[in-house]
Structure formats: structure tokens, C-alpha cells
Trainee: 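Encoded as C-alpha cells, here's the structure I'll be asking about.
Residue numbering restarts at 1 for every chain, and letters A, B, ... go by the order of the sequence lines.
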Amino acid sequence: MEPSFYEQVYEVVRLIPQGRVTSYGAIAKALGAGRSSRLVGYAMNLAHDLQPPVPAHRVVNHKGLLTGKFHFRGSDLMQELLEQEGITVENDQVQNFKTVFWDPAIEI
DNA sequence: GGCGTGACGCAAT
DNA sequence: AATTGCGCCACGC
């Protein structure tokens, strides 16, 4: 069984340490997908019922904006989860984004 | 088997 | 400098 592209995305997302975030494009690039950042976002859409749960709240777009927050059960759930991990979120934007940014390509 | 979709990213204007 | 539009590629129907 070869893991699908999506499964690889989920695996990378699960590798994100607590208190850190990454971007869709960074994950895509780490997987060698290049510019298929959209696939990563689309994968998250299917990650809702995956097990173990995928910490999609730690994945934001390259601007640090919580673009996917609306897809969570509650639009505020994503921000609360991030703040709970020590990440400051204001106006749907991750503060100190560059500081909390975690590059999967470096870990992998 | 072919078309549309999509939680992004980037270039061009 | 900001905004708009287009491209990319795997999955679902």
C-alpha cells in the first residue's frame, strides 16, 4: 500500500510540534508537490474524520491567516486551539508567524 | 473516462 | 503598493 499524497500530507501535519504552525505551501513543497498547495488544503478538507485527528488548526496559509477556521466545527475553535498551545492569534492572523513557523522540509 | 472541485501561492497588471 | 486572475494537481462523481 503506497500512501496517497493526502496521507503524506496528514503525516506531515501530525509532525507539527505543539505551539508551532506551518503553511500549506511549505507542506506541499516538503512533499515535492511543488505548487500544489491547493491539494494540501483540499486534503485538510477530507481530514475531518481521519484518525488520529489531524491538527489542521496548526496549518495556515503563507500569510499566517486562519483561512480554514471557517471549516472547523466552530469558527472560533481553531483560534482557541492555537492560543491554547501558546500561539497568539489576532484578527484571524497568527502573531509572530515567522517565530512560530515550523518548516516540515527541515524536519523531513 | 472526463469534468469540476479546492482550507493556496504567485505573477502580472 | 494593492488587487485580480490564473495555474497546479490529486480526489470524487
Trainee: If you take any heavy atom closer than 4.0 Å to DNA chain B, which residues from residues 92-105 of chain A end up in contact?
Mentor: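 Within this stretch, nothing sits under 4.0 Å of the strand.
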Trainee: Could you pull out the closest heavy-atom pair between A:Tyr6 and A:Leu46, with the gap in Å?
Mentor: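 Reported closest heavy-atom pair: CE2-CD1, 3.0 Å.
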Trainee: Taking A:Arg20 first and then A:Glu85, would you say they form a salt bridge - that is, a charged N and a carboxylate O separated by under 4.0 Å?
Mentor: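 Judged by the 4.0 Å cut-off on N to carboxylate O distance, A:Arg20 and A:Glu85 do not form a salt bridge.
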Trainee: In chain order, what residues pass the side-chain hydrogen bond (donor to acceptor under 3.5 Å, both in side chains) check against A:Lys69, with sequence neighbours excluded?
Mentor: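 Only A:Asp92 meet the side-chain hydrogen bond (donor to acceptor under 3.5 Å, both in side chains) criterion with A:Lys69.
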Trainee: Which pair of non-hydrogen atoms, one from A:Ala43 and one from A:Tyr10, has the smallest distance, and what is that distance?
Mentor: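 Closest approach of A:Ala43 to A:Tyr10, heavy atoms only: O-OH, 2.9 Å.
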Trainee: Runs of at least three consecutive Watson-Crick or G-U pairs, both distances under 3.5 Å, are what I'm after; which ones involve DNA chain C?
Mentor: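 Output for stems: B:2-6 with C:9-13, B:8-13 with C:2-7.
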Trainee: Which heavy atom of A:Gly68 sits nearest a heavy atom of A:Tyr24, and at what distance?
Mentor: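 Taking A:Gly68 first and A:Tyr24 second, the nearest heavy atoms are N-OH, 4.4 Å.
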Trainee: Nearest heavy-atom pair of A:Thr22 and A:Pro104: which atoms, and what distance?
Mentor: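 Here A:Thr22 and A:Pro104 meet closest at OG1-CD, 3.4 Å.
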Trainee: Parallel under 30°, tilted from 30 to 60°, perpendicular over 60°: which one fits the rings of A:His48 and A:Phe72?
Mentor: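 The arrangement is tilted - the two ring planes meet at 30° to 60°.
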Trainee: Can you tell me if A:Glu80 and A:His57 form a side-chain donor-acceptor pair at under 3.5 Å?
Mentor: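 Side-chain D/A pair, A:Glu80 to A:His57: absent.
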Trainee: Using side-chain heavy atoms (C-beta onward) and a distance below 4.5 Å, is A:Glu107 in contact with A:Trp102?
Mentor: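 A side-chain contact under 4.5 Å exists here.
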Trainee: Consider only side-chain heavy atoms of I, L, V, M, F, W and Y, link residues closer than 4.5 Å, and tell whether A:Phe70 and A:Val54 are in one cluster.
Mentor: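 As far as the 4.5 Å side-chain criterion goes, A:Val54 and A:Phe70 are not connected within one cluster.
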Trainee: Check whether any side-chain N or O of A:Ser23 sits under 3.5 Å from a backbone N or O of A:Ala26 as a donor-acceptor pair, and report yes or no.
Mentor: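 Present.
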Trainee: How close do A:Val89 and A:Gln79 get, counting heavy atoms only, and between which atoms?
Mentor: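 Result for this residue pair: O-NE2, 3.4 Å.
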Trainee: Taking all non-hydrogen atoms of both residues, which atom of A:Val59 and which atom of A:Met44 are closest, and how far apart?
Mentor: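 For A:Val59 versus A:Met44, the nearest heavy atoms are CG2-SD, 4.4 Å.
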Trainee: Where along residues 55-82 of chain A does a heavy atom come under 4.0 Å from DNA chain B, residue by residue in number order?
Mentor: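 Only A:Ala56, A:Asn61, A:His62, A:Thr67, A:Gly68, A:His71, A:Phe72 qualify.
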Trainee: Contact boundaries of DNA chain C with chain A (under 4.0 Å, heavy atoms), 5' to 3'?
Mentor: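 The contacted stretch runs from C:dG7 to C:dC11.
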Trainee: Any link between A:Phe101 and A:Leu81 through a network of hydrophobic side chains (Ile, Leu, Val, Met, Phe, Trp, Tyr) touching at under 4.5 Å?
Mentor: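 Yes, A:Phe101 connects to A:Leu81 through the hydrophobic network.
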Trainee: Do A:Leu50 and A:Leu31 land in one hydrophobic cluster if side-chain heavy atoms of ILVMFWY residues count as linked below 4.5 Å?
Mentor: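 In one cluster with A:Leu50: A:Leu31, yes.
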Trainee: For DNA chain B, determine which residues of residues 36-54 of chain A have any heavy atom closer than 4.0 angstrom to one of its atoms, and list them numerically.
Mentor: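 Contacting residues: A:Ser37, A:Arg38, A:Leu39, A:Gly41, A:Tyr42, A:Met44, A:Asn45, A:His48.
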